[in-house]
Amino acid sequence: MRVTVQSAPFDPAAFLAGFGAGRADVGAVVSFTGLVRDDSGQMQALEIEHYPGMTESAISAIISQAMARWALADARVIHRFGRLAVGEPIMAVATAARHRAAAFAAAEFLMDYLKSRAPFWKKEIGPAGAAWVVAKEGDEAALGRWRSEP
Amino acid sequence: MRVTVQSAPFDPAAFLAGFGAGRADVGAVVSFTGLVRDDSGQMQALEIEHYPGMTESAISAIISQAMARWALADARVIHRFGRLAVGEPIMAVATAARHRAAAFAAAEFLMDYLKSRAPFWKKEIGPAGAAWVVAKEGDEAALGRWRSEP
Amino acid sequence: MITVLYFAWVRERTGVATEQVDTAAPTVAALVDELIAREPRYAAAFADLSAVRVAVDQVLADFDAPLAGVREVAFFPPMTGG
Amino acid sequence: MITVLYFAWVRERTGVATEQVDTAAPTVAALVDELIAREPRYAAAFADLSAVRVAVDQVLADFDAPLAGVREVAFFPPMTGG
């Protein structure tokens, strides 16, 4: 398991380097990378605030849950904070498992929980000023499927 | 869209390099890498046969379906043939979309279809000889969910 | 003495990121009531409690969580990571 | 004249990867019948047709696919890529 929280940019390819490699019990690696999107064409930057101290422990707890539930061989999360430009990677997760269904499910689980349970807050900076991103109702609802499934 | 079919080993990190980067309309990139697993502890190699000529066109057709269905910004597939050692990457897919649900679904769709609709055949080489991998009933069944969902 | 932290727009309303609060409040909810009674900026921050989340000693908690032995309480909007 | 290809264990049973077949068979199924009638190795390859897949001019097809104008037919087991 590896958790990285940093303000510096990261390269998604480098984040994956060597992950899950050279092991006879890993048949599937899934990665997700979230990038700064600009739907309006007006965004100047994305600012991410976080809760130093709690961030790493909250992410580690989420990863531990996923690793136990899907018997993952490994999992890795990186998340940036500070000021990001449009197109830059915000965060990434990677999961390694025996089979692909587990690797996919665990990566989606990590994303759903990171979105609503890791202490990050996004603010969009545009020409008219700054606006905090509002959590979607769907984000909380997405957690429901992980409670109902076996 | 990029399709690569090769016998040479590939680096999953290099496969992802630059994918989906620097675009304002991409918020989510998902990748899957399949690796040679050895459950028995006795496998000496995996040999993959393919149908030159049909392979690239079959994969391209599957990617085109996924790109249209999820309005993907980009998608990429690499698949090896020939002799592979335990732990080596067999193949990888990557999808880039506006939102993460589309990127995840498209990557799973590509995997399900590549498994049963791209002309590759795997043979496991062990101390007792060689055995063709038998397609699982579940592989064909997995395609069903993509027909029923909207 | 409890360290209280505020994040995102909760922080912008209280005007402070972190402060030491001398309190005997038995629960998070009681602490919030004390803060609201102090100054209008706290009343603004806690005007809609359904929009505020709380962590006690860096673990997500409810407003009825007890404060006995607690060193750090944080208030913030629903998280928007990922 | 049709180019016929065999892959994986179908190829191992026919003993040949590719061959030119002079045929007037109207469908894939009729071509299979012709091959089976020729030599036991074809009968072995096509003993269980439910385990054999076919591609016509490099596109997956059914056994009742017509062969008029077709240049290439391939037989193989269910695919195991990915």
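Not measured: the values here are computed from a predicted model.
When all heavy atoms of B:A28 and A:F32 are compared, the pair lying nearest together is CB-CE1, 3.5 Å. For the residue pair A:V29 and B:L35, the shortest heavy atom distance occurs at CG2-CD1, 3.8 Å.
Using a 4.0 Å cut-off between charged side-chain N and carboxylate O, B:D112 and A:R100 make a salt bridge.
Using a 4.5 Å cut-off between heavy atoms, B:A107 touches chain A through backbone and side chain atoms alike. Contacts between A:A103 and chain B at a heavy-atom distance below 4.5 Å are absent for every atom of the residue.
Interface with chain A: from residues 81-93 of chain B, residues B:V86, B:G87 qualify, criterion being any non-hydrogen pair under 4.5 Å.
Between chain B and the residues A:A14, A:G27, A:G34, the most heavy-atom pairs under 4.5 angstrom are made by A:G27. When the candidates B:T33, B:D39, B:T95, B:D25 are compared by the number of heavy-atom contacts under 4.5 Å with chain A, B:T33 comes out ahead.
One N or O on the side chain of B:R37 and one on the backbone of A:R98 form a donor-acceptor pair closer than 3.5 Å.
The aromatic rings of B:F104 and A:F104 sit perpendicular to each other, their planes meeting at more than 60°, with 30° as the lower class boundary.
When side chains are defined from C-beta on, A:S31 counts as touching B:L16, because their heavy atoms get closer than 4.5 Å.
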